[in-house]
Amino acid sequence: MVIFMAFYFQYLSEMMIPLLIFSIVGYGILMRRNIYEDFIRGAEDGFKTVLKIMPTLIGLMVAVGMLRASGFFDFLNNAVSGLTALIHFPSQLVPLVIVRLFSSSAATGVATDLFKTYGPDSYIGMTASIMMGCTETVFYTMCVYFMAAGVKKTRWTLPGALIATAAGIVASVALAGMN
Amino acid sequence: MNYIWGGMIVLSILYGTVNGTLGQVGEAALNSSKEAVSLCITMIGIMSFWVGIMEIAKEAGIIQGASRKLRPVIRFLFPNLKRGESKAEEYIISNMIANILGLGWAATPAGLKAMEELSKRRDGSSRQVASNEMCTFLILNISSLQLIPVNIIAYRSQYGSVNPTAVIGPALVATTVSTAVAVVFCKIMDRKRSA
């Protein structure tokens with residue numbers, strides 16, 4: 001049963017995108033739209049949007065890459081480990097939280113590392129799973145979205161995003177502890 | 001943005017000097033820029049394709065249909081969005097749907113177009129300042145709207161979990177908590193700043 005469910009969800013995730021494309025294109029045909037023309041118009045739009053954010057992305061990825069190479073993230077880990085012990089936050093999860101703010105793929109790397117070390121069903125593994133499911137890449141998302149709109153002053157976005165993320169993390173630790 | 005970016009660069013070089021990793025920092029600067037370009041090339045493909053598909057959905061009336069059902073939610077979250085601004089609304093809705101379905105990458109194109117539309121509502125110098133709608137939209141996005149974390153379930157089963165899907169319930173609760181906090185925060189800020 002459990003194995004079946006796992007397959008089912010893997011299947012579901014694989015199916016999602018093809019199914020969506022099928023329904024949209026199929027519906028367009030049924031409505032007798034000029035779907036190819038529509039598609040090309042949209043594709044042109046998407047193309048231009050990427051070209052517009054490309055310089056931003058280069059700037060951002062260089063900054064994150066440099067910071068990671070300098071070893072600053074490791075330093076940050078050690079620095080906050082005292083604090084996290086104080087609030088009973090598992091220190092093994094600190095790197096995940098930090099990396100999660102900057103890069104989704106890097107966070108996936110850290111999470112799978114935790115799965116390998118502690119097992120996905122352990123307390124650490126479970127907390128990591130929930131955390132990955134309820135948080136987003138704060139800085140990356142903000143940079144890309146705001147640059148697309150040409151915004152320089154982000155006002156209350158960062159505090160709001162961090163508060164929401166913190167709420168998600170607290171909930172993850174609490175929920176994993178209940179299992 | 002200036003401070004975040006500048007701070008990251010300065011910090012990495014200063015810390016690299018102290019830590020003796022300056023060589024790696026320089027190397028990372030060059031490598032990351034290369035990496036960013038190859039990411040963009042992948043993204044051009046995905047974005048072009050996906051925005052194209054969305055255009056079909058829009059022209060065929062699928063998005064309008066979904067919009068109608070989600071309109072009360074949008075009205076509540078973005079009270080200043082007027083009826084004439086259906087374009088921004090459509091993009092916000094398609095971004096939210098893609099997010100809820102856990103399509104990750106597929107949500108970005110609509111999100112970026114939504115931001116562009118939101119910025120068109122502002123004129124001249126205020127364009128560089130985020131509007132209340134932009135802040136709300138982004139915070140909601142970051143609070144994660146995903147219903148089923150499909151990727152995580154896949155990773156869990158890959159690493160030998162006895163029950164990979166056990167994460168669904170807790171993740172749903174945690175996502176609801178973070179999104180609820182986000183909504184409350186946005187509402188408070190929205191009121192305060194517009195008054």
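Worth knowing before you read on, the calculation uses all heavy atoms, side chains too, and leaves out hydrogens, waters and symmetry mates. Just so it is clear: chains get the letters A, B, ... in the order the sequence lines come, proteins before strands, and each one is counted from 1.
- Using a 4.5 Å heavy-atom cutoff, the side chains of A:Met54 and B:Val37 are in contact.
- In this structure, chain B has a heavy atom under 4.5 Å from the side chain of A:Thr108, while its backbone stays farther away.
- Contacts between A:Val144 and chain B at a heavy-atom distance below 4.5 Å involve backbone atoms as well as side-chain atoms.
- Counting all heavy atoms, side chain and backbone alike, A:Ile58 lies closest to B:Ala36 at CA-CB, 3.6 Å.
- For B:Arg156, the parts lying near chain A are the backbone and the side chain together; criterion is any non-hydrogen pair under 4.5 Å.
- Contact of A:Leu30 with chain B is not made at all, since no heavy-atom distance falls under 4.5 Å.
- Remark: B:Ser178 OG to A:Met131 CE distance equals 12.0 Å, nearest 0.5 Å.
- Using a 4.5 Å cut-off between heavy atoms, B:Thr136 contacts chain A through both its backbone and its side chain.
- No single ILVMFWY cluster, assembled from side-chain heavy atoms under 4.5 Å apart, contains both B:Trp50 and A:Phe22.
- In this structure, chain A has no heavy atom under 4.5 Å from any part of B:Leu172.
- B:Val18 and B:Met8 fall into different hydrophobic clusters, where Ile, Leu, Val, Met, Phe, Trp and Tyr are joined by side-chain heavy atoms under 4.5 Å apart, directly or via other members.
- Atom NZ of residue B:Lys58 and atom CZ of residue A:Arg33 lie 11.0 Å apart, to the nearest 0.5 angstrom.
- Using bins of under 30°, 30° to 60° and over 60° for the plane-to-plane angle, the ring pair A:Phe72/B:Tyr15 lands in the perpendicular bin.
- The closest side-chain heavy-atom distance from B:Phe49 to A:Ile21 is below 4.5 Å.
- One distance of note links CD1 of B:Ile142 with CD1 of A:Ile163; it measures 12.5 Å at 0.5 Å rounding.
- With values rounded to the nearest 0.5 angstrom, A:Thr117 atom OG1 is found 10.0 Å from B:Tyr159 atom OH.
- Between the side chain of A:Asp121 and the backbone N or O of B:Val162, at least one donor-acceptor pair lies under 3.5 Å.
- For the atom pair CD1 (A:Ile130) and CD1 (B:Ile168), the distance works out to 12.0 Å, reported to the nearest 0.5 Å.
- Heavy atoms closer than 4.5 Å to chain B are found nowhere in A:Tyr36, neither backbone nor side chain.
- Under the 6.0 Å cut-off for aromatic ring centres, B:Tyr155 and A:Phe115 do not qualify, their centroids lying 6.0 Å or more apart.
- The neighbour count for A:Phe47 CZ, taken as heavy atoms of other residues, nucleotides or ligands under 6.0 Å away, does not exceed 12.
- Residue contact with chain B, scored on non-hydrogen atoms closer than 4.5 Å, involves the backbone of A:Thr135 exclusively.
- When heavy atoms are compared at a cutoff of 4.5 Å, B:Val181 approaches chain A solely by way of its side chain, counted from C-beta outward.
- Two residues are said to be in side-chain contact when any heavy atoms from C-beta on lie closer than 4.5 Å; B:Ser32 and A:Arg68 fail this criterion.
- In this structure, CE in B:Met189 is found 8.0 Å from CZ in A:Arg155, a value given to the nearest 0.5 Å.
- Both the backbone and the side chain of B:Ser12 come within contact range of chain A, judged by heavy atoms closer than 4.5 Å.
- The side-chain heavy atoms of B:Asn95 and A:Tyr145, taken from C-beta on, include a pair separated by under 4.5 Å.
- B:Leu81 is not connected to B:Val129 by any chain of hydrophobic side-chain contacts under 4.5 Å among Ile, Leu, Val, Met, Phe, Trp and Tyr, and they are in different clusters.
- Using a 4.5 Å cut-off between heavy atoms, A:Leu162 does not touch chain B at all.
- Only the side chain of B:Asn19 comes within contact range of chain A, with at least one heavy atom under 4.5 Å from a heavy atom of that chain.
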